[in-house]
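Beneath this line is the structure, given in structure tokens, with notes to follow.
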Amino acid sequence: MPITDWPEQERPREKLLQSGAQALSDAELLAISLRTGCKGISALDLARQLLQEFGGLRPLLAAGRKEFCAMHGLGDAKYCQLQAVIEMAHRHLRESLQRGDALTSPEQTRRYLWFRLQSYPYEVFACLFLDNRHRIIAFEELFQGTIDGASVYPREVVRRCLHHNAAAVIFSHNHPSGVAEPSHADEQITLRLREALALIDIRVLDHVIVGSDSSTSLAERGLL
């Protein structure tokens, strides 16, 4: 039965308008983005099949064009639809933390860092450079490594802080394993960087570990 023949309160679009997007399941949100199903399959049934085949929303949205379009009922049009949705979300988050904005919400900062780093299949170490009022100067990805870890050089971090004339920094890196639990090595490199930056009066406010579904703050853990 096509979705248009369903009871109105069960249709994803009508449900969204009535209760808000947060009330929808992953399959319902995906069905709205796909817009249509394929022969004999509604958009919602297609969405459910795709989530099952790919193992969830995250691996589905991270799939490349060839892998995505190889699935029954998909093609370049639907691939473009979802890529456009993803890019709009990226731009929305980038604009939420622009140069000159003051960091007032730890949750907003963690969400921004998670969105920037969670999709990499290898480790990336990044830094938010801040002025003395905790306003954003710049965000930079400083180091990249293998899935086993990234090499972080305090001398280069110091150099970039001086380049931006930063008064404070927030570090972040992702765990490609998907687990946002800080390791002993994460604690050690944070300590080394904090000691190096203390010599030039730059404060380390936090180090955020990014996993597949969540992030962890070393500051909130009392590890800074």
Side-chain angles (χ1 to χ4, degrees), residues 16 19-26 28-30 32-33 56-62 82 84-144 150 152 157 160-161 164 166-187 189-191 193-194 197 202-224:
L16 185 151
S19 304
Q22 70 280 358
L24 273 63
S25 67
D26 288 351
E28 290 170 329
L29 290 170
L30 182 57
I32 290 175
S33 300
L57 193 58
R58 181 173 178 266
L60 169 61
L61 296 180
L82 289 186
V85 170
I86 295 168
E87 182 56 28
M88 282 191 292
H90 275 288
R91 294 185 187 187
H92 169 71
L93 276 175
R94 281 200 297 268
E95 290 176 8
S96 71
L97 287 177
Q98 295 282 7
R99 180 184 178 92
D101 288 348
L103 294 181
T104 57
S105 168
E107 178 59 33
Q108 179 194 37
T109 305
R110 286 198 301 271
R111 187 165 59 247
Y112 172 82
L113 293 170
W114 178 86
F115 209 90
R116 291 295 298 260
L117 299 177
Q118 59 86 23
S119 63
Y120 286 114
Y122 47 84
E123 265 192 49
V124 175
F125 184 95
C127 185
L128 269 174
F129 300 95
L130 311 171
D131 66 13
N132 57 5
R133 295 184 182 180
H134 296 175
R135 294 176 300 191
I136 296 171
I137 299 172
F139 171 86
E140 286 187 7
E141 296 177 4
L142 297 180
F143 307 107
Q144 296 182 358
V152 178
V157 175
R160 297 310 297 164
C161 286
H164 289 294
V169 293
I170 295 176
F171 300 125
S172 184
H173 79 277
N174 64 312
H175 281 179
S177 66
V179 180
E181 192 65 24
S183 66
H184 179 68
D186 296 336
E187 296 177 29
I189 190 59
T190 305
L191 178 61
L193 291 171
R194 187 176 67 175
L197 293 174
I202 294 176
R203 290 168 290 125
V204 177
L205 302 182
D206 204 349
H207 187 165
V208 177
I209 312 300
V210 170
S212 58
D213 299 310
S214 62
S215 60
T216 300
S217 161
L218 267 65
E220 291 183 355
R221 288 281 187 93
L223 298 175
L224 271 178

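We use all heavy atoms of the structure for the numbers below, so side chains are in, but hydrogens, waters and symmetry mates are not.
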What heavy-atom pair brings [X] and [Y] nearest, and what distance separates the two atoms?
X	Y	result
Thr190	Leu218	OG1-CD2, 3.6 Å
Pro176	Pro121	CB-O, 3.7 Å
Glu123	Asn174	CG-O, 3.1 Å
Glu141	Leu117	OE2-CD2, 4.2 Å
Cys127	Leu142	CB-CD1, 3.9 Å
Gly211	Ala180	N-CB, 3.7 Å

To the nearest 0.5 Å, what is the distance between [atom1] on [X] and [atom2] on [Y]?
X	Y	atom1	atom2	result
Ser172	Trp114	OG	CH2	12.0 Å
Phe115	Ile86	CZ	CD1	8.0 Å
Leu29	Leu57	CG	CG	8.0 Å
Arg221	Glu187	CZ	CD	9.0 Å
Ser215	Glu107	OG	CD	7.0 Å
Leu205	Thr109	CG	OG1	9.5 Å

Let me see the working for Leu130 and Ile137 under side-chain contact (heavy atoms from CB on, under 4.5 Å), right down to the final yes or no. CA-CA 5 Å; Leu130 311 171; Ile137 299 172; 5.7 Å; no

Check: [Y] and [X] side chains under 4.5 Å, non-hydrogen atoms:
X	Y	result
Val124	Arg116	no
Leu128	Leu113	yes
Leu193	Val169	no
Phe171	Val208	no

Measuring centre to centre across the rings, with the benzene-like ring taken for any Trp, is Phe139 within less than 6.0 Å of Tyr112?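 Between Tyr112 and Phe139, which both carry aromatic rings, the centre distance is below 6.0 Å.
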
Can you check whether His207 and Phe125 have ring centres sitting under 6.0 Å from each other?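 Distance test on ring centres: under 6.0 Å, yes.
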
List for me each residue that meets side-chain contact (heavy atoms from CB on, under 4.5 Å) alongside Ala219, sequence neighbours excluded, and say none if there are none.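 Asp206, Ser217, Leu224.
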
His164 vs Asp131, side chain to side chain donor-acceptor pair (under 3.5 Å): CA-CA, chis, key distance, verdict: CA-CA 9 Å; His164 289 294; Asp131 66 13; over 6 Å; no

Trace of the side-chain contact (heavy atoms from CB on, under 4.5 Å) decision for Glu220 with Arg110: CA-CA 12 Å; Glu220 291 183 355; Arg110 286 198 301 271; 2.7 Å; yes

Full working for side-chain contact (heavy atoms from CB on, under 4.5 Å) between Leu30 and Leu82: CA-CA 9 Å; Leu30 182 57; Leu82 289 186; 3.9 Å; yes

Please step through side chain to side chain donor-acceptor pair (under 3.5 Å) for the pair His175 and Glu181, ending with a clear verdict. CA-CA 9 Å; His175 281 179; Glu181 192 65 24; over 6 Å; no

